[in-house]
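The structure appears below as C-alpha cells.
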Amino acid sequence: MPVNKETVTLKINGMTCSGCSSHIEKDLNIKDGIVSSTVNHETGKGEFVYDTNKLSNQDVINAVNNVGNYSVIEDIEKEDCCVTNAKDYDGTNKFDLIVIGGGSAAFSAAIKAESIGLTTLMVNDGLDFGGTCVNVGCVPSKNLIRAAETAYHATHSNFKGIKPKGVEIDFTQIIKDKKALVATLQQQKYLDVVKDFKNLTMLKGWAEFVDNNTILVDGKDTYTATNIIIATGATTNIPNIEGLNKVGYLTNVSLFDLEEKPKSLTIMGAGYIGLEIAMAYNRLGVKVRIIEFTDRPLRSQTNDITDVLETQMKSEGIEILPNFRAIKFEKDGDNTIIHCKCPDGSTTQIIEEGHIVVATGTKPNTSKLGLENIDLKLTEKGHILVNEKMETNVSNIYAAGDVTNTPPFVYTAAKEGSTAVNNAFSLSKETVDYTSLPWVVFTDPQIAGAGMDEVEAEKASIPFEVSKLDLIHVPRALAAQDTRGFIKLIRNPETDKLIGARVIAPEGGELIQQLSMAIKFGITIKDLAESFYPYLTLGESIKLAAITFGKDVSKLSCCAS
C-alpha cells in the first residue's frame, strides 16, 4: 500500500531544552506510521509527517502525550487546510468527540478537546448555551443575593450609634440588571471563548442515542464519534402532588426573570436553593414562607449550624414550617390554597396570595436520551454512574457534571468535563478526588464546609475530635459587632491532621479554601495553630479554633499563641 503522507504541526507543553525535543523526536520516529519528526523546544512546536493509512491525527497527538511529561496543547495546522467547521472536517458527520449538553462541563470538555486537536460536536437543548450556572443558577442568584444584602444593610446596623434611614428598592431595575449581567457573562465566558475554535461545531437540538457511537438529533440527522460525553445537567425535581401542575408554580428558572415584585412567595423546600431564594427575596421586600417536609432547614448539616441559620431567618421575618408536607394545591381566584399535613398528623390550609416556588431538589436530565439503547447504568435516583475517571459502564461513553453521581457544583463540573476528555483520548488517566472539596451556601451568615463533619467521620469509623469556636471569641467579629455563628474543626487525633471543617459566619465562605487546602495536603492542627494570621481578620478564627483543641480560648490574650 502506498504511503499517504500528511503533516501536522503541534504546540507542545513541557519542553525546556534541546534534550526534550530530541526525546520526543526519538520516541515518535520509532512509532510505526511516523515518517519524520522535527521538534523545536524554543518555539514549542513539533512538525510530524505521518502515514494516514496507519495513523490518524489523534494517534499522533496521543503518541506525543505519552512521551514523558509533555502534552499537546494545540493542533496548529494541517498540510491541507485549517478546519473552520468540524462538520466539514471530512465531508461527513463523523467526529472524534460528541458532547451532549451546553453547560460548564460541556464547555470545559470542548475547550480541552480543542487544545488537543479533536474534532468536536456539542449538541445542546433546553437551557441556552452556558447551562444552569450562568443562566439560572450561580450568576443570577448571587447577583440578587448581593443586591438584597445592600438593601438589608441600608435598614439594619450592628452599631447603636449608626441609625440607617432606609432604602428605596426598584425591583424591576434589579431584575433588568441581572438579565444584562447574565447575557454579558454568557457571551464573554462561554460563547466568545469558543467562537474561534477551528474544530468545534455547536448545534441546537435534542440528542438521542442510536448506539454507543451514534446520536440522532431532533429525529433527523445522525452523528457519530469515537467517544461521547454526556453533560446534560439537572433540573428542578417537581414533586407529584395533587393540583401542583394546575396552579402555575415557579422554579428558579422562571422566578429570576419575574420583573414585577411578587406580593409574597411560598417556597417548597429548605435546601440551599430554597434558602438562598428566601433570604434574597425577603430582603428585597417580598413576604416569604418556607414549607419543609423534614425537621429543619438544610437537613444535610448538623443541628448547631441550622439552629444559627434558622434563628437569623426568623429574625428577618421569614416563616419556616418544618415537618409540614403539602398534599394538595388548588386555586381560589388569584390565591393558591395549599393543603398540608402538619407535624401532629392533622391537616391545615395555607393561603398563598403570591407565587408558589418549587425548590425541592434536582433531578438529572437523563430522560429521552435513548440511554436504554446503550445499556448505560444509572443510580437509584437516576444519575449516570461514573467512577473517579468519569467513565461509565460503556467503554467509550463518559459523563460529567450534575447529570452524574458526583457533587453538583459548577467548578466540579468543569473539572469533570476536562478530565473526561483527557481520559477518553489519552493513556495517561486522571482522577477526580473530592475528599477535600470546598462548598458554600450563600445565606447570611454563609455556611461553608470541606471534608467530613463529625457525623460523617463517625459513620466512616474514623477517629475524630471536634473543636468549635463561637465567633464571640474572634476579635474581628467583636470589632464588627457581628458574632453570629462559629467555626468548627474536625481532626484525627491519631495523626493530628485536619479531616474536616464547617463554618457558619458572615462571609464565612472566604475561609473555606484555606481549610480545604489544609485537608488536601495533610496540614496538622499544630501547623494551623502555630502559623501567622493577620490580627483582626476572620481568618484568625482558624488559628483560634486550632488552639481550642488544647486550651480554653476565652482565657487567651488577643494575640493568642
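What you see is a predicted model, and the numbers here were worked out from it, not measured in a lab.
Residues in residues 361-374 take part in no side chain to side chain donor-acceptor pair (under 3.5 Å) pair, two or more places apart or across chains. The list of side chain to side chain donor-acceptor pair (under 3.5 Å) pairs with a residue in residues 399-411, not counting sequence neighbours, reads Thr404-Thr406, Thr406-Glu416.
Atom-to-atom distance recorded for Leu216:CG and Thr222:OG1 is 7.0 Å, nearest 0.5 angstrom.
Ring centroids of Tyr190 and Phe129 are separated by 6.0 Å or more, keeping the two rings apart.
Exactly one of Val99, Ile215, Asn212 qualifies for a side-chain contact (heavy atoms from CB on, under 4.5 Å) with Ile228. That residue is Ile215.
Under the 4.0 Å criterion applied to side-chain N and carboxylate O atoms, Arg502 and Glu454 are not assigned as salt-bridge partners. Between Asp257 and Lys178 there is a salt bridge, since a side-chain N of the basic residue sits under 4.0 Å from a carboxylate O of the acidic one. Here Lys142 pairs with Glu276 in a salt bridge; the nearest charged N to carboxylate O distance falls below 4.0 Å.
Ring orientation note: the planes of Phe256 and Tyr281 are close to parallel, at an angle under 30° on the 30°/60° scale.
Partners of Gln188 under the side-chain hydrogen bond (donor to acceptor under 3.5 Å, both in side chains) rule, at least two apart in sequence or in another chain, do not exist in this structure.
Checked by atom type, the side-chain pair Asp51/Asn53 shows a donor-acceptor distance below 3.5 Å. No side-chain N or O of Ser56 forms a donor-acceptor pair with one of Gln58 less than 3.5 Å apart.
Although no hydrogens or angles enter the test, the distance criterion places a donor-acceptor pair under 3.5 Å between the side chain of Ser141 and the main chain of Gly137.
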